[in-house]
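Right, one structure below, let's go through it.
First listed ligand is number 1; within each ligand, the first listed atom is number 1.
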Amino acid sequence: MTAADAYAELVRRAKELGVLNSCAAVLGWDQQTYMPTHGVGLRGDQLAFLAGLAHAKATDPKVGELLAAVEGSDLVADPESDAAANVRELRRGYDRSTKLPTALVEELARVTTAAQQAWQQAKAANDFPAFRPHLEKVVALKRQEAQAVGYADHPYNALLDEYEPGATVAEVREVFAGLTRDLVPLIRAIGASGKKPDRSVLERDYPVERQKVFAEAAAAAFGFDFAAGRLDTTAHPFCSGVGPGDCRITTRYNPRFFSEAFFGVLHETGHALYEQNLPAEHFGTPLGAACSLGIHESQSRLWENQVGRGRAFWGHFFPRLRQTFPTALAGVEFDRFYFAVNEVRPSLIRVEADEATYNLHVALRFELELGLVSGDLAVADLPGAWNERFKALLGLDVPDDTRGCLQDIHWSFGGIGYFPTYTLGNLYAAQLMSAARRALGGTDATDADFSRGEFGRLKSWLTENIHRHGQRFRAGELCRRATGEPLSARPFVSYLNEKFGPLYGVC
Ligand code: ZN
């Protein structure tokens, strides 16, 4: 078999697997939105059946033979060619799934299923000791996973690589250290400021039907294609890129709090614009898939925060918002509303945190995960370590583990190494936005677009520099090409200072 034939067969198999996974994605979306309660048993069987088929296809030894036949051939000599990028990432996925012993995969599935249930109960009852043995098992298995996959320097690298291929503990540590050093004093200064927003303007009657119409209008203005996607309601909002022509986003409406659904929709729209603008012809192969979780999150955060919480955006949308909700916003001036949607206030819960304090929640989890994985931190000591570091970083006493180390689902499903991608996303978002503004004529020119409700030039820049590349480059390289610099916390810190300095009268 020639290298070209082997590559064609690899692509055919990858596309077939892409179709199979897209079937599971539709079933998963339906489960979270419209499936009747009693359908849960059959749905579990359907998804397990598809997962089994997908796993068998992904780990078929024939894939290893085909990869070996292409690697080293002229076809992949240019590392930026379609074939080289696809083969590099298919190899990465194949190695990762075949290096894990079946017994370990099954044990992880069994332990994390029980751990998720135990976590739910322990969180509700503020009972860390009940969750502790489950988390100990999860950590032990994740350490075994790191050994099986292999790593340099730190076992956490093997876990991080699953979510952010190519990122390393050393780099992420350095980025987080710089970020924390700059954020802590800024947040302290904001806390000490006498200027406070009036968040009550967001906590009034906002009828759900009108919220829906308004959010859909904003998503459409950003460029979400409703002929190639849907917006529905769910308990835990998400974006599911089923495949070309079909991307599902979801939200959760709160009739007494405007921000929850609206900024959630902007966030998921950012994810969706990435999915809708991946190159359809490469669907199923790495070139047709998102680069990393960090880059994915950069797209959601860019639209949600960099654009959606900006003055220019609200310059266009606030008059329309007042028309849509004349009672809730009667007598509310632009500046009062703008300050309310940009409140910075240290709080206990990560998912409710503002764009400045959010990253300290993530820095804390990253530190603790490193300790758990290296063995320097025992699971038994987790609540104490959490509360101590939380106080140091955010200045708050943690009243109970429910609002402390039990608040997130991630550790119960084995998602150790996932958290850093949230902050990497925020940092990439600021750096990309800054580069996009420069490329599009500067801050005034891009703000002029936004204040007219026009976002097409920004979306095109993101498609050109991020979306269309799929996994052609790793995240660090993609960032360097798009912005001219490696990832740094500086653009994000500058953005925060420029925005919150005047609002709070600090810096
Ligand atoms: Zn997200």
| field | the Zn ion (ligand 1) to nearest N/O/S of His267 below 2.8 Å | value | yes
| Atom name in His271, limited to N/O/S, at shortest distance from the Zn ion (ligand 1) | NE2
| For the Zn ion (ligand 1), which N, O or S atom of Glu297 is at the shortest distance? | OE1
| said: Could you check whether Arg301 makes a cation-pi contact with Tyr358, meaning its NZ or CZ is under 6.0 Å from the centre of the six-membered ring and within 45° of the ring axis? | reply: yes
| query | Is the NZ or CZ atom of Arg309 positioned over Phe263's six-membered ring, under 6.0 angstrom from the centre and within 45° of the axis? | reply | yes
| note | Distance col, row His267:NE2 vs Ile249:CD1, nearest 0.5 angstrom, shows 10.5 Å
| said: Given 3.5 Å as the limit, does a donor-acceptor pair link the side chain of Arg230 with the main chain of Arg248, or not? | reply: no
